[in-house]
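Just so you know, ligand 1 is whichever comes first in the structure, and atom 1 is the first atom listed for that ligand.
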Amino acid sequence: MTKTTSKRQKIEVFDVYEANRADKRASATSTRQVIKDLKAIQDQTTETTGDFPRPTWGRGGQRRPKSLHGTGILHTRGVPTTAHTGATAYPYVAGTSLGADGLYIGRDLNGGGAFCFDPWRLYERGVISGMSMILFGQIGTGKSSLAKSFAVRLVQAGRKLSVASDKKGEWTRVVRALGGSVIQVGPSMGTRLNPLDPGTRPSLNAQGEPLTDEGWALMVRTRRMAILVTLVRILTNRELSPAEHHVLSLAMDTGVQAAQAKSTVVVIPDVIDALEAAKDHPDQLVADASSVMAMTLHRMTTGDLAGMFDGETTAYFDADAPATSIDTSALQGASPEAVRVVNACSGAWTEAMVTTSDGGQRLVIYEEGWDNISSEADLQRMVESWKLARAYGIFNVLILHKVSDLQMAGDVGSRMAAMAKSLLADADVKVIYRQDRSTLKLTTDELDLSDRERSLLKHLGKGVGLWRLGGSSFEVKNDLTRVELALFNTDERLVTTTAERQARA
Ligand SMILES: Nc1ncnc2c1ncn2[C@@H]1O[C@H](COP(=O)(O)OP(=O)(O)O)[C@@H](O)[C@H]1O
Ligand SMILES: [Mg+2]
C-alpha cells in the first residue's frame with residue numbers, strides 16, 4: 001500500500017510540472033510504465049479479499065532503505081502522574097478558547113491565540129447568564145484602557161455606549177471621537193439634569209410584553225420614588241422612617257399633579273413645595289416628617305448642588321447617538337456628599353434613558369465605581385437595574401480597584417454587604433488586573449481563584465488581565481492600536497510631552 005501511494009504521488013507530480021509536448025509524451029510513457037509497475041506490485045503483494053486489497057507487509061510497513069520503517073519500532077508507555085506534575089512536565093498545554101465569535105480584545109497568553117469577546121453572543125450561546133462585568137485592578141494597570149478599547153470596537157461594530165458617570169472626564173475624548181455627545185455636569189456648568197425625568201418609554205416591558213400606559217406610569221413612579229429615596233438617604237445618611245416615606249410619596253404625587261397643571265415635567269422644587277404645604281397637616285407626625293424632608297431636599301437647590309438637579313433638563317439625551325457620557329469632572333474637590341448625589345442622579349438619569357430594548361444593544365460603563373457602591377441607596381438602585389440589563393439589551397461594566405471596595409459597602413452580615421455580594425455574583429464576567437499583595441487573599445477567597453491564578457495576579461504586566469467567565473479563565477493581553485493608545489492615554493506627563501512635541505514640530 002505504501003508503495004502504491006508513493007507511485008500515485010509520482011504520477012501527480014508529473015502531471016503538474018511537465019508542461020511541454022516532449023515532456024508530456026515522456027510523461028505519458030512513464031505514466032504507462034508506472035501503472036504497469038503498480039499492477040505488477042499489486043499482483044505480487046496483495047491478496048484480494050472481495051473488492052478490498054489488503055496489505056501483506058507486516059507492522060511497520062515494507063522494509064526498504066529510508067522508508068523510516070524497520071526494526072526500530074517505537075514503543076510508548078503511559079506515565080501515571082498528578083495534574084500538578086503534569087502541568088509542569090507538559091507546559092505547552094493550551095486552555096480552551098471562546099472562539100472567534102466577537103470583538104478582538106487581545107492575545108490569549110496561554111496559547112489560545114486571539115481572545116475575542118461579545119457578551120451578547122456569549123449569552124445566546126449559554127456561556128454566561130448575566131449581562132454584567134466587574135473589572136478590578138490597581139491604578140495604572142490598564143483597566144480604563146481595556147474598557148475604552150472594548151467600547152470603541154463595540155461602537156464600530158454597531159452597538160452603543162453610555163458612560164454613567166465619568167469622574168475624571170477621561171471618556172470625553174473617546175466619546176467625541178466616536179461622534180457621540182458629552183453632557184458636562186458640575187457647579188456653574190450651566191447644564192441641568194432633572195433626576196425626575198420620566199426617561200425613555202420602552203415599547204416592551206421586562207417580560208417582553210407590550211408596555212401599557214398603566215405599566216409605563218407605574219415604571220415612572222417607581223423610578224422617581226427610587227431616586228428621591230436615594231437622594232434623601234445620601235443627604236441624611238440614614239434610613240427613612242415610615243412617616244418620611246409616606247410624606248415623600250404623597251409630595252411626589254402632588255408635585256406631579258402641579259407640574260401637569262403647568263404642562264411641565266415634575267422637578268425637585270415641585271416636590272419641595274408640596275412638602276412645605278404639608279407642614280400644616282393636622283397629623284403632627286405627617287407635619288414633622290414633611291418639615292424634615294423639605295429641609296433635606298432644600299440641599300439639592302442650594303450651595304454646591306444648586307443649579308445641577310433642581311430644574312428641567314437642559315441637556316439633550318440623543319438615544320440614537322453612538323455614544324453618550326456624563327462628565328462630572330468639574331466636581332473634583334466637592335464634598336463627598338455632593339459627589340454621591342451627582343453620581344446617583346447621573347446614574348439614575350442614564351439608566352432611565354437607556355432602559356429600553358428599542359435602542360439596540362448598549363454598553364453602560366460605571367468608571368471608578370467605588371463612589372456608587374459606597375452609598376447604600378445607590379448600590380441598591382444599581383443591583384435592581386442590573387437585574388433588568390438582560391431584558392433591555394444592556395451590558396454593564398463596573399470598574400473598581402479591588403474586591404475590598406465591595407466590602408467597604410457595609411459591615412459583614414449587613415444588608416449592604418449582602419447587596420455588594422449580589423452585585424459580584426451577578427457579574428458573570430470578572431476581569432482582574434494586577435493586585436496588591438495585601439489584597440490577594442481576599443481576592444482569592446471571594447473570587448475562588450486557584451493557586452496559580454493567585455500567584456499570577458501579583459505579576460501581571462500592564463494591560464494584562466485574568467478573565468473569568470463561564471467557568472474558564474484566560475490570561476489576556478489587551479492589544480491597543482497606535483490611535484487607541486494616543487486616544488486613551490491618561491498619563492498626564494505623557495500627554496504634555498506629546499503636546500510639547502507637536503508644538504515644537
Ligand atoms: N494594553 C495596553 N498596552 C499598552 N499600554 C497600555 C495598555 N493599557 C494601558 N496602557 C497604558 O497605561 C496607562 C494607564 O492606563 P489606564 O487604562 O488609564 O489605567 P487604569 O484605568 O487602570 O488606572 C495608559 O495611559 C496607557 O498609556
Ligand atoms: Mg482608570
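- The residue among S149, S145, A486 with a heavy atom at the shortest distance from atom 8 (N) of ligand 1 is S145.
- The pair R299-D304 counts as a salt bridge, with a side-chain nitrogen and a carboxylate oxygen less than 4.0 angstrom apart.
- Heavy atoms of L480 found under 4.0 angstrom from ligand 1 belong exclusively to the side chain.
- Residue E170 has no nitrogen or oxygen atom sitting less than 3.5 Å from a nitrogen or oxygen atom of ligand 1, judged on distance alone.
- R192 CZ: more than 12 foreign heavy atoms inside a 6.0 Å radius.
- Taking the charged nitrogens against the carboxylate oxygens, K148 and E484 have no contact shorter than 4.0 Å, which rules out a salt bridge.
- Heavy-atom contacts from other residues, nucleotides or ligands closer than 6.0 Å to CZ of R238 number more than 12.
- Heavy-atom contacts from other residues, nucleotides or ligands closer than 6.0 Å to NZ of K458 number more than 12.
- Aromatic pair F117/W467: centroids less than 6.0 angstrom apart.
- Ligand-side atoms of ligand 1 in range of N489: 25 (O), 27 (O), range being under 4.0 angstrom from any heavy atom.
- Under a 4.0 Å criterion applied to the non-hydrogen atoms of K477, ligand 1 contributes the atoms 1 (N), 2 (C), 3 (N).
- At a 3.5 angstrom cut-off on N or O pairs, I139 does not count as close to ligand 1.
- Note on S145: not counted as a metal contact of the Mg ion (ligand 2), no N/O/S atom lying under 2.8 Å.
- Evaluated by nearest non-hydrogen atom to atom 1 (N) of ligand 1, the leading choice among L485, N478, D479 is N478.
- More than 12 heavy-atom neighbours from other residues, nucleotides or ligands sit within 6.0 angstrom of NE2 on H459.
- Salt-bridge formation is detected for the pair E124/R121: a Lys NZ or Arg NE/NH1/NH2 atom is positioned less than 4.0 Å from an Asp or Glu carboxylate oxygen.
- Taking every heavy atom of Q138 and a limit of under 4.0 angstrom, the matching atoms of ligand 1 come to 22 (O).
- Using a 4.0 Å heavy-atom cutoff, G137 is absent from the residues neighbouring ligand 1.
- Every atom of ligand 1 is numbered from 1 in the order shown, and the set under 4.0 Å from a heavy atom of G463 is 1 (N).
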